[in-house]
Amino acid sequence: MKLRQIAELLECEVIVGEEFLDREVKFAFGSDLMSDVLAYTEEETVLLTGLCNNQVIRTAEMLDLKSIVFVRGKSPTDDIINMAKEDDMLLLRTEHTMYSASGILYTNGLAGTSI
Amino acid sequence: MIIARDTKDVAMTKSFEVSTDDFSSAGIASSKIKKILRQIGIDSSIIRRVAIATYEAEINVAIHSLGGNIEVLIKSDNIEIFVEDVGPGIEDISLAMQKGYSTATKEIRELGFGAGMGLPNMEKCSDAFHIESKVGEYTAIKMTFNL
C-alpha cells in the first residue's frame, strides 16, 4: 500500500517528508513499546505509534523504517522532526486512535506481521 | 576491558562511550556503527541485525548501568560488538534473558522502553552471544555477527 493511500484513509496531516508519499509498504505495526518494535518489525513496514520522543526516530532509523504515523493526534517536537528529516523519513499524524487506525488500514488490505 | 579481544585480522575498530545522563542521546553509538558498516559495504541484512542488537545494548547501558562503552571490531569474516559497563551488575542472568522480564523504572517505561525484550533480542540477532556479570562491578557482553 502506498503511503499516500494510508495518509488519505487515516485523514493524516503530513508533518515532514511529503516528497516520499509514493513509498510503498507491505505491513503495518502498531505499538508504543519500542522494544517490541525492534523485536518484531519486518522491513517495508509503516509504524503506527502514540509514542512521541526521539527514541522513536532512533528505533525507526535502526530498522530502516522510513514512515511513521503518530496516532491520537500526537505531535512531535522540532528536534524530533529534524532528526526525521536527516534520515529521509515521512512523518504523518492522525486524530484516529491506534485501534481505529489499525482497523481502517487492516480492512483496506494492509497486513500485519506475526511474531 | 573485561572480555578479552582477539585482535588478529582486525580491519577496523572503534569505541564509543555511552552516556547515562542524557537519555535522549542514547542510540548515537549504534547509529554511527550502522553508518560505518554501510560505508564499507556490509550486506544490509547483516547491518540490520547488528543495528538492532547494538541499539538494544546501548539502551540497556543508558537505562540500567552506571556507565559503559561499546566497541566494534570489524574482521574479514565477522563483526564483534563488545558492550561493557561498570555496574551495577545482573543478579540472575537467566531471569534477565527471559522475554518480558524487566527491571526498568516507571519513568523508563513511559519512554517506551522496559518491555523486557532487549537481551532476548540481542541473542536472537547475533550469531554468537556471550554475557557475564558480577553484581556491584560490571556486566559484559560480546556479540558476533558472521559475514
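Naming: A, B, ... by sequence-line order, numbering from 1 per chain. No hydrogens, no waters, no symmetry mates; every other heavy atom, side chains included, goes into these values. Bear in mind the structure is a predicted one, so any value in this text is a computation, not a measurement.
- Surrounding CD of Glu18(A) are at most 12 heavy atoms belonging to other residues, nucleotides or ligands under 6.0 Å away.
- Heavy-atom minimum distance, Gly27(B) versus Met62(A): O-CE, 4.1 Å.
- Cluster annotation: Tyr40(A) is connected to Leu47(A) through the hydrophobic network of ILVMFWY side chains, with a link wherever side-chain heavy atoms come within less than 4.5 Å.
- Here Asn54(A) is the residue among Leu33(A), Val37(A), Val56(A), Asn54(A) with the most heavy-atom pairs under 4.5 Å with chain B.
- Looking only at heavy-atom pairs under 4.5 Å with chain A, the residue among Cys125(B), Gly118(B), Ser31(B) that has the most is Ser31(B).
- With a 4.5 angstrom heavy-atom cutoff, Thr59(A) touches chain B via backbone and side-chain atoms both.
- Heavy-atom contacts from other residues, nucleotides or ligands closer than 6.0 Å to CD of Glu24(A) number more than 12.
- Proximity to chain A is absent for every atom of Arg49(B), based on heavy atoms less than 4.5 angstrom apart.
- By the neighbour-count criterion of 12 heavy atoms within 6.0 Å, atom NZ of Lys75(B) is densely surrounded, having more than that number from other residues, nucleotides or ligands.
- Cluster membership for Val71(A) and Leu110(A), using ILVMFWY side-chain heavy atoms within less than 4.5 angstrom, is shared.
- A continuous path of ILVMFWY side-chain contacts below 4.5 Å connects Phe70(A) to Phe29(A), so both sit in one hydrophobic cluster.
- In this structure, no portion of Ile47(B) lies under 4.5 Å from any heavy atom of chain A.
- Contact tally against chain B (heavy-atom pairs below 4.5 Å) for Asn53(A), Asp79(A), Thr49(A): the top residue is Asn53(A).
- Hydrophobic clustering, with ILVMFWY side chains joined whenever heavy atoms are under 4.5 angstrom apart, keeps Leu3(A) apart from Leu65(A).
- If you chain together hydrophobic residues whose side chains sit under 4.5 Å apart, Leu73(B) and Ile36(B) never meet in one group.
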(message) Quick one, Asp64(A) with Lys34(B), criterion salt bridge (Lys or Arg N to Asp or Glu O under 4.0 Å). Give me CA distance, side-chain angles, the key distance, then yes/no.
(response) CA-CA 11 Å; Asp64(A) 289 324; Lys34(B) 189 181 181 219; 2.7 Å; yes

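- Formation of a donor-acceptor pair under 3.5 Å by the Gln55(A) side chain with backbone atoms of Phe113(B) is not found in this model.
- With chain B as the partner, the residue from Asp36(A), Leu51(A), Asp32(A) showing the most heavy-atom pairs under 4.5 Å is Leu51(A).
- The two residues Ser35(A) and Met117(B) make their nearest non-hydrogen contact at CB-CB, 3.9 Å.
- Separation of atoms CE (Met122(B)) and CG (Leu38(A)) is listed at 11.5 Å; rounding is to 0.5 Å.
- A salt bridge links Lys35(B) with Glu61(A): the distance from a Lys NZ or Arg NE/NH1/NH2 to an Asp or Glu carboxylate oxygen falls below 4.0 Å.
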